[in-house]
2 protein chains.
Amino acid sequence: MAYRRSDIVERAVALLDQYGLSSLSMRRLGADLGVQPSALYHHFENKQTLLAAVADEILRRGRRPRTGTGWEESVTETCVELRDAMLAYPDGAELVATVFAFGLGAAGPAREIESTLTEAGFEPGLARTATRTVLHFVFGHTTDAQTHLQAGSVGAIGDEPRQGDDFDLGLGLILTGLRTSAAGPVSARP
Amino acid sequence: MAYRRSDIVERAVALLDQYGLSSLSMRRLGADLGVQPSALYHHFENKQTLLAAVADEILRRGRRPRTGTGWEESVTETCVELRDAMLAYPDGAELVATVFAFGLGAAGPAREIESTLTEAGFEPGLARTATRTVLHFVFGHTTDAQTHLQAGSVGAIGDEPRQGDDFDLGLGLILTGLRTSAAGPVSARP
DNA sequence: ACCTGAACACCGTTCAAGT
DNA sequence: ACCTGAACACCGTTCAAGT
């Protein structure tokens with residue numbers, strides 16, 4: 001017998017997939033594996049660490065080959081991949097956003113976007129701020145979208161139309177701002 | 001005796017101020033008021049509703065007179081007021097962001113920004129998307145900043161300098177994007 | 001109307017002890 | 001190394017009953 005970390009993470013992802021984040025407790029996961037909850041603490045320091053591993057697994061499963069050429073295309077590709085990976089599991093956005101905020105995982109997309117911008121010639125400070133601004137948007141928008149999607153599937157009529165367009169438009173706003181800012185100090189133009 | 005809603009909210013804000021969001025439980029709040037936890041359910045439908053009232057109270061306490069003239073100044077003023085109001089209480093950003101995401105409160109800033117943009121002549125769809133993009137940024141950035149501030153006060157060295165500059169820069173990126181987008185379709189320019 | 005008391009169905013985490 | 005069993009210190013919420 002003897003479970004490995006990856007077995008536990010896999011079972012945790014399956015639990016998340018079926019019942020959502022609120023059912024992903026150490027006790028339920030233990031019961032699901034046929035083990036005492038305390039046994040999980042031999043594999044993970046605490047629940048946050050386990051959730052970080054689950055978030056990373058979700059992002060890994062959503063990986064796609066890169067095809068874009070310019071920095072705007074590349075950043076958009078990373079953001080769309082991130083969004084889709086999170087949307088593939090109930091409460092995925094909330095989970096990944098929380099893990100990222102705690103600095104325990106989900107750092108791949110940030111590294112990718114930041115290096116894309118740096119290599120495109122943006123100065124490091126701007127690249128860093130732009131990366132975080134873009135990620136705040138992706139996490140915020142996707143959490144909203146998923147909340148509305150899940151609320152709709154439970155009963156409500158769904159008061160919010162157009163999901164995809166809104167994502168592209170919001171992201172475009174930030175990338176346009178970045179393109180414009182990079183041309184020189186904003187305050188110097190009329 | 002007999003508590004009113006406002007008494008309970010006031011005590012809840014004090015608890016949040018002293019011990020943070022994780023200590024703001026129905027049981028602790030009840031004990032603090034010298035009442036059974038179940039008594040709170042006569043005044044609030046559930047914990048989420050109570051937290052929404054707490055969030056609204058925090059925003060109310062942070063209100064400032066408006067002085068700006070142009071739409072960029074106005075939106076920036078609203079965002080800075082929102083950020084400062086959340087920073088005034090431990091875990092304030094997390095609390096307000098959660099309440100807003102659930103659609104249970106904290107809707108004032110959104111209404112304010114959206115009407116500012118609409119009155120400035122942006123078409124309704126763009127005004128709505130831009131408003132949400134801006135709010136995702138403010139919530140995300142302020143949650144990050146507060147997490148780092150609180151982590152720093154507990155022990156860590158604090159690996160992140162410059163808070164205020166970063167906020168202005170990120171917000172400026174979005175507002176610049178909005179100003180640029182409004183001039184015409186982005187794809188039509190070289 | 002407002003509150004008590006007790007219960008229901010849970011949590012995360014620790015730790016001595018077993019194999 | 002990996003897991004059990006039991007405990008500690010909690011949660012949100014419901015509901016009959018009291019005043």
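Below, chain A is the first sequence line, B the second, and so on; all start at residue 1.
Rounded to an integer number of Å, the gap from Ile8(B) CD1 to dA1(C) C1' is 13 Å. One can place CZ of Arg27(A) at 11 Å from C1' of dC11(D), the figure rounded to the nearest angstrom. If you take CZ of Arg28(A) and C1' of dA9(C), they are 12 Å apart, rounded to a whole angstrom. Atom CG in Leu29(A) sits roughly 16 Å away from atom P in dC10(C) (whole-Å rounding). We find that CZ of Arg4(A) is positioned 15 Å from C1' of dA1(D), with the value rounded to whole Å.
Contacts with DNA chain C (heavy atom under 4.0 Å) in residues 39-54 of chain A: Tyr41(A), Asn46(A), Lys47(A), listed by number.
Applying the 3.5 Å distance criterion, the base of dG5(D) shares a donor-acceptor pair with the side chain of Ser38(A).
Of the candidate nucleotides dT13(C), dC11(D), dT13(D), dT13(D) has the atom lying nearest to any side-chain atom of Pro37(B).
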| field | Residues Glu77(A), Arg64(A); criterion salt bridge (charged side-chain N to carboxylate O under 4.0 Å, His left out); working and verdict | value | CA-CA 9 Å; Glu77(A) 242 175 55; Arg64(A) 293 167 184 162; over 6 Å; no
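Both Ser23(A) and Gln36(B) sit near DNA chain C, but only Gln36(B) has its closest nucleotide nearer the 5' end.
Taking the six-membered ring where the residue is Trp, Phe100(A) and Phe139(A) present tilted rings, their angle falling between 30° and 60°. Classified by interplanar angle (parallel below 30°, tilted 30° to 60°, perpendicular above 60°), the ring pair His141(B)/Phe167(B) is perpendicular.
Put simply, the residue from Thr142(A), Thr133(A), Thr143(A), Asp144(A) that forms a side-chain hydrogen bond (donor to acceptor under 3.5 Å, both in side chains) with His136(B) is Asp144(A).
Stretches of at least 3 consecutive Watson-Crick or G-U wobble pairs, with each checked distance under 3.5 Å, appear in DNA chain D as C:4-8 with D:12-16, C:12-16 with D:4-8.
Between the side chains of Arg61(A) and Tyr89(A), at least one donor N or O sits under 3.5 Å from an acceptor N or O.
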